[in-house]
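Notes follow once the structure below has been shown.
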Amino acid sequence: MLPISGFPELLPAERFVELHFLDTIREVFELHGFAPLETRAVEPTSRLLGKGGDADKEIYGVSRLAGRSEERSGAEAELGLHFDLTVPFARYVLENAGKLAFPFRRYQIQKVWRGERPQEGRFREFTQADIDVVDVGELAPHVEAEMPLVIAEAFGRLPVGEFRIQVNNRRIPEGFYLGIGLTDVAGTLRIVDKLDKIGPEEVAAQLVAAGATDEQARLALALAEIRSTDLAFVGAVRALGVAHPTLDEGLDALAAVIAVGMERAPGVLVADLRIARGLDYYTGTVYETQLVGSEDWGSVCSGGRYDSLASDGRTTYPGVGISIGLTRLVHLLVAKRGLTASRSTPAAVLVAVVDDASRSRSDAVAAALRARGVPCEVAPTAAKFGKQIRYADRRGIPFVWFPGAGDDDGDQVKDIRSGEQADADVATWECPAADLRPSIITP
RNA sequence: GUGGGCGUAGCUCAGCUGGUAGAGCAUCGCGUUGUGGUCGCGAGGGUCGCGGGUUCAAGUCCCGUCGCUCACCCCA
């Protein structure tokens with residue numbers, strides 16, 4: 001009985017943390033008018049293939065019956081588990097275009113699967129919380145600014161600490177590289193992206209090794225090092241003296257996004273001209289999100305604009321979306337920052353059982369508490385009270401209810417944290433609001 | 001997919017040049033016979049990942065295999 005690598009399973013207290021994140025994220029998504037949606041777990045493999053970089057080799061194929069060896073060992077699976085929520089959504093939009101109202105805003109919180117090698121914070125099965133907006137033919141550019149601001153609002157309500165959403169526009173490096181005569185845009189981006197890891201000298205060396213001149217490498221590096229929380233990046237790029245129409249488009253688009261961010265969430269959005277990653281279908285704006293002080297965790301929320309992912313050949317539905325890596329975010333906060341829940345069960349009260357004959361009385365107490373919205377459970381055995389208290393203590397249940405412990409056969413309730421025990425009436429007792437549900441604890 | 005590290009109790013690990021499997025924590029019981037946490041005493045719990053080889057003898061050495069893990073790749 002060993003865990004399967006990359007398929008994480010949580011303990012109840014950790015799951016409470018994850019649920020709190022889920023609830024908060026969903027609430028914020030709905031506050032912004034995103035409609036709920038769920039798509040099936042599988043797509044035809046042909047629809048998943050070729051959508052991004054090395055994503056192809058990460059697709060889990062699904063054979064229809066596990067016991068059918070001829071299917072397991074046979075040709076390529078016809079169905080594959082989705083590796084993100086954007087590709088299935090694009091397919092869904094095409095299939096349901098006649099029933100949807102555009103621009104269509106939806107959120108989707110689901111498991112996705114990628115067959116990569118697991119590592120800390122990288123999983124084969126994980127949950128993404130995704131918002132997207134698609135429109136018919138044209139998509140208003142202001143939506144590109146809205147996406148990260150919704151995320152900023154959700155993160156602002158969660159115990160994630162400070163965070164930065166880095167924004168770039170793929171047209172900037174693309175136009176810039178073309179402007180200086182570097183035609184291998186993707187290859188150049190791939191090398192430049194290692195800047196943090198291997199440093200500028202090594203990046204320059206690799207660019208030259210890939211065929212760039214010293215001057216081209218110098219300029220590409222100079223572009224990658226530009227970042228600003230205001231519009232200063234535009235002047236910094238211009239100062240490099242490179243001209244290309246695609247570069248101009250990118251700069252205008254990014255400036256528009258950053259300008260909105262400066263007004264609505266100062267300091268959160270950062271124009272960072274080295275951000276280039278994400279899947280191949282992104283065509284313009286791209287986002288990555290890092291928690292301040294935990295940059296080595298990688299991005300916990302990414303996305304971008306895709307102009308041609310959803311197209312039936314006649315009509316194109318451009319979209320923009322962003323996706324929170326919920327599993328990575330929660331796992332790392334729990335593992336590295338000690339985030340946890342105040343208890344491992346929803347029960348706020350354990351109703352003690354005096355003896356087997358009076359269990360029905362304890363059941364009645366529990367029913368009355370539940371009717372008033374207090375989560376509770378009845379002790380599993382009529383063990384000694386010390387054991388029943390310990391049962392509650394080990395689960396973090398704050399209160400133990402003792403039927404008939406008071407005068408005139410009245411009940412008493414004990415706060416086992418303080419040891420304080422007092423008379424209580426099940427019809428009127430108020431559970432402190434802070435104890436009603438498990439709370440999230442940040443060390 | 002490529003390369004390194006590691007597999008011994010539920011968890012974290014010790015176990016030397018091969019010689020009858022250990023500790024701490026956790027769990028359960030008792031002390032304390034219906035009000036926990038501390039403390040003391042005790043108990044249960046192991047095909048040493050799996051398979052093969054060397055040897056009188058393998059947790060220990062050799063080979064294979066599976067798994068976990070870290071880095072690369074890529075990504076949430």
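Proteins come first, then strands; the chains are lettered A, B, ... in the order of their sequence lines, and each starts at number 1. Computed over heavy atoms, backbone and side chain alike; hydrogens, waters and symmetry mates excluded.
Put simply, the side chain of A:Gln119 and the base of B:rA71 share a donor and an acceptor less than 3.5 Å apart. The base of B:rC75 is paired with the side chain of A:Arg328 by a donor and an acceptor separated by under 3.5 Å. A donor-acceptor contact under 3.5 Å is not formed by the side chain of A:Glu120 with the base of B:rU69. Under 3.5 Å, the side chain of A:Arg117 and the base of B:rU69 form at least one donor-acceptor pair of N or O atoms.
Base pairing analysis places B:rG59 opposite nothing; no Watson-Crick or G-U wobble pair with both distances below 3.5 Å involves it. If you check B:rA76 for Watson-Crick or wobble pairing at under 3.5 angstrom, you find it has no partner at all. Pairing of B:rC68, defined by two Watson-Crick or G-U wobble distances under 3.5 Å, is identified with B:rG5. Under the Watson-Crick or G-U wobble criterion, with both distances below 3.5 Å, B:rU20 is left unpaired in every strand shown. Under the Watson-Crick or G-U wobble criterion, with both distances below 3.5 Å, B:rU47 is left unpaired in every strand shown.
With hydrogens and angles left out, the side-chain atoms of A:Ser358 and A:Asp355 include a donor and acceptor closer than 3.5 Å.
Straight-line distance between the P atoms of B:rG46 and B:rC11: roughly 13 Å, to the nearest whole Å. Across B:rG51 and B:rG15, the matching C1' atoms stand 24 Å from one another, rounded to whole Å. For the P atoms, the distance linking B:rA58 with B:rG49 amounts to 15 Å, nearest Å. If you take atom C1' in B:rU27 and the same atom in B:rU33, they sit 23 Å apart, rounded to whole Å. Look at the P atom in both B:rG19 and B:rU60: the space between them is 10 Å, to the nearest Å. On the C1' atoms, B:rA26 is 14 Å away from B:rC13, given to the nearest whole Å. A gap of 11 Å separates the C1' atoms of B:rA23 and B:rA9, to the nearest Å. The separation of B:rC61 from B:rC68, taken at their P atoms, amounts to 24 Å, rounded to a whole angstrom.
The nearest whole Å value for the distance from the CD1 atom in A:Ile324 to the C1' atom in B:rC75 is 17 Å. The distance between atom CH2 of A:Trp401 and atom C1' of B:rG36, rounded to the nearest whole Å, is 20 Å. Counting to the nearest Å, the C1' atom of B:rG37 and the CD atom of A:Gln388 are 16 Å from each other. As a whole-Å value, the separation of A:Arg343 CZ from B:rG36 P is 22 Å. Here the P atom of nucleotide B:rC75 and the CD1 atom of A:Ile59 are 13 Å apart, to the nearest Å. Whole-Å rounding puts the A:Arg124 CZ to B:rG67 P distance at 9 Å. Atoms CD (A:Gln110) and P (B:rA76) sit 17 Å apart, rounded to a whole Å. Taking atom CZ on A:Phe123 and atom C1' on B:rC74, their separation rounds to 16 Å, with Å as the unit.
A cation-pi geometry, defined here as NZ or CZ lying under 6.0 Å from the six-membered ring centre and within 45° of its normal, holds between A:Arg417 and A:Phe399. Cation-pi contact between A:Arg124 and A:Phe7: absent, since separation from the ring centre below 6.0 Å together with deviation from the ring axis within 45° is not met. Judged by a 6.0 Å distance limit and a 45° cone about the ring axis, A:Arg170 is not positioned over the six-membered ring of A:Tyr282.
Comment: A:Arg361 engages A:Asp411 in a salt bridge, judged by a side-chain N to carboxylate O separation of less than 4.0 angstrom.
If you check every strand for non-hydrogen atoms under 4.0 Å, A:Gly121 touches a base. Heavy atoms of A:Lys111 sit nowhere under 4.0 angstrom from any nucleic acid atom.
Distances shown here put a side-chain N or O of A:Arg390 below 4.0 Å from the OP1 or OP2 atom of B:rC28.
Within 6.0 Å of CZ on A:Arg26 lie no more than 12 heavy atoms contributed by other residues, nucleotides or ligands.
In this structure, A:His331 has its ring center closer than 6.0 angstrom to the ring center of A:Phe123.
With distances taken from any side-chain atom of A:Arg394 to the nucleotides B:rG37, B:rU35, B:rU27, the minimum falls on B:rU27.
Ranked by how close their nearest RNA chain B nucleotide is to the 5' end, A:Arg417 and A:Lys387 are led by A:Lys387.
You can call A:Phe126 stacked on the base of B:rA76; the centres are under 5.5 Å apart and the planes sit within 30°.
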